[in-house]
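Accompanying notes for the structure given below.
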Number of protein chains: 2
Amino acid sequence: MLKYEIGTQLKEIRHQAGWSLTRAAKETGVSKAMLGQIERNESSPTMSTLWKISTGFHKPLSLFVDNLLVGVDDDKVRSTHTTFTSHKQGLKAKILFPFDPRFGFEVFAIKLSPEQTHLSEAHDKGVFEHITVVSGQMEVCIKGRWKKLKAGDVLRFTADQSHGYRNMNKTIHAEFHNLIYYS
Amino acid sequence: MLKYEIGTQLKEIRHQAGWSLTRAAKETGVSKAMLGQIERNESSPTMSTLWKISTGFHKPLSLFVDNLLVGVDDDKVRSTHTTFTSHKQGLKAKILFPFDPRFGFEVFAIKLSPEQTHLSEAHDKGVFEHITVVSGQMEVCIKGRWKKLKAGDVLRFTADQSHGYRNMNKTIHAEFHNLIYYS
DNA sequence: TGTATTTGTGCGTTATAGCATACATTGTTT
DNA sequence: AAACAATGTATGCTATAACGCACAAATACA
């Protein structure tokens with residue numbers, strides 16, 4: 001169960017060099033059996049052996065680590081509108097896109113019950129929140145001031161400060177998306 | 001025996017985030033025991049767990065892989081002028097600096113016996129050889145032409161072609177350094 | 001067309017990454 | 001100072017990365 005398809009990268013580099021597994025094993029000091037399983041994504045190499053590999057190929061480590069948008073395969077539809085996780089009182093949140101180091105952001109969908117307020121702690125420097133209101137209306141608090149948002153409205157702010165969301169309506173829920181970007 | 005000190009990097013990132021090992025374990029999904037040994041460079045993480053770590057910290061993978069010039073510690077002197085390895089006929093070579101993916105080059109010292117010729121196969125594209133003659137005199141063959149070099153002379157050429165070195169002198173050895181850069 | 005030789009993969013064993021738990025140490029509280 | 005909570009470390013166990021060897025298929029060679 002590998003999220004990280006480094007094997008494809010290795011196979012390409014090896015073929016490009018015109019090396020056999022035996023040759024690669026000789027140059028890198030890693031057994032060809034292991035190199036084989038790594039290429040087939042059957043095994044997740046340790047940093048130690050990855051170092052040996054990049055050394056043997058006379059290539060920088062980043063070459064094996066970067067450009068790995070190959071294994072994304074999110075082209076199959078995931079249904080998220082059924083499962084809402086993380087039930088705090090009056091606030092339901094579910095993950096639309098979990099954080100992925102290759103992209104640097106994560107996206108939540110959040111439902112605020114009527115007359116509910118949620119305060120959030122400050123995040124690290126370089127974190128940006130992107131609010132998109134889907135339905136209902138809500139308010140976001142930044143630097144002590146509550147800003148009104150209605151369906152379709154968007155808002156971006158630096159999240160390295162305490163902030164909050166609330167739904168002042170007495171009957172209808174508010175739903176919004178929150179894209180959190182980490183730089 | 002880790003060449004790759006990724007632990008130091010992790011420790012710094014964790015401290016910078018103000019997280020305890022317990023907190024980090026919770027966020028990343030990696031046990032705090034494991035995080036501990038990784039930080040102490042007692043364990044070389046697999047790419048799989050390194051992915052979990054970078055995900056949990058909301059940081060790109062490159063942050064843990066790059067900027068690792070910390071563990072170089074070549075400030076202790078290695079004596080190389082005694083041990084000459086790789087004895088081909090009439091050619092003695094020793095490694096001054098082995099290839100390191102962080103730098104991208106390796107350096108050899110080569111001794112050519114009198115009246116000796118050595119031919120080398122073409123390397124990959126993007127490989128450069130840097131010749132520095134230390135003592136004696138020698139000739140380097142590029143594109144079929146032999147170029148004369150004497151002590152103190154230097155020469156750089158693209159190594160994606162067959163080339164050769166020879167010492168035409170009848171009595172004295174020739175010694176030169178060869179820095180091979182892989183781009 | 002047999003016969004080597006080289007290719008990659010499968011198998012059993014060993015080394016080690018990874019986990020859960022318990023422990024010792026330090027810092028906080030009342 | 002006693003009691004408490006939080007820190008990072010040490011311990012035993014399980015999962016798996018890594019190895020050496022042997023095998024089957026493909027390729028080269030005669």
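All values reported here derive from a predicted model rather than from experimental measurement. Below, read A as the first sequence line, B as the second, and so on, with proteins coming before strands; counting in each chain starts at 1.
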**Asked** Side chains of A:I180 and A:F128: does their closest heavy-atom pair fall under 4.5 Å?
**Response** no
**Prompt:** Within this structure, what is the NZ-to-C1' distance between A:K52 and C:dT16, rounded to whole angstrom?
**Reply:** 12 Å
**Asked** So, B:E129 and B:R156, do they make that salt bridge, N to O below 4.0 Å?
**Response** no
**Request:** Take the protein atom CD1 of B:I38 and the nucleotide atom C1' of D:dT9, then report the distance between them rounded to whole Å.
**Result:** 15 Å
**Message:** What is the distance, to the nearest angstrom, from the CG atom on B:L35 to the C1' atom on C:dG18?
**Reply:** 10 Å
**Nearest-Å distance for atom pair CE/P, residues B:M34 and D:dT11** = 15 Å
**Request:** Not counting sequence neighbours, which residues clear side-chain hydrogen bond (donor to acceptor under 3.5 Å, both in side chains) with B:K125? List them please.
**Result:** B:D160
**Prompt:** Can you check the A:I53 CD1 to D:dA17 C1' distance for me, whole Å?
**Reply:** 12 Å
**Fill in**
Each nucleotide of nucleotides 6-11 of chain C classed B (base within 4.0 Å of a protein heavy atom), S (only sugar-phosphate) or -, in 5' to 3' order, makes -SBBB-
**Item:** Aromatic ring proximity, centroids under 6.0 angstrom, B:H118 and B:H163
**Value:** no
**Request:** Report the distance from atom CG of B:L10 to atom C1' of D:dG8, rounded to the nearest whole Å.
**Result:** 14 Å
**Item:** Lys/Arg N to Asp/Glu carboxylate O, A:E39 vs A:R14, below 4.0 Å
**Value:** yes
**Prompt:** So, is B:S43 close to the C:dA17 phosphate, meaning a side-chain N or O under 4.0 Å from OP1 or OP2?
**Reply:** yes
**Request:** Would you mind reading off the distance between B:N41 atom CG and C:dA17 atom P, rounded to a whole angstrom?
**Result:** 12 Å
**Asked** Closest approach of B:L61 and A:P101, non-hydrogen atoms and distance?
**Response** N-CB, 4.1 Å
**Request:** Establish, with yes or no, whether the OP1 or OP2 oxygen of D:dA18 is under 4.0 angstrom from a side-chain nitrogen or oxygen of A:T46.
**Result:** yes
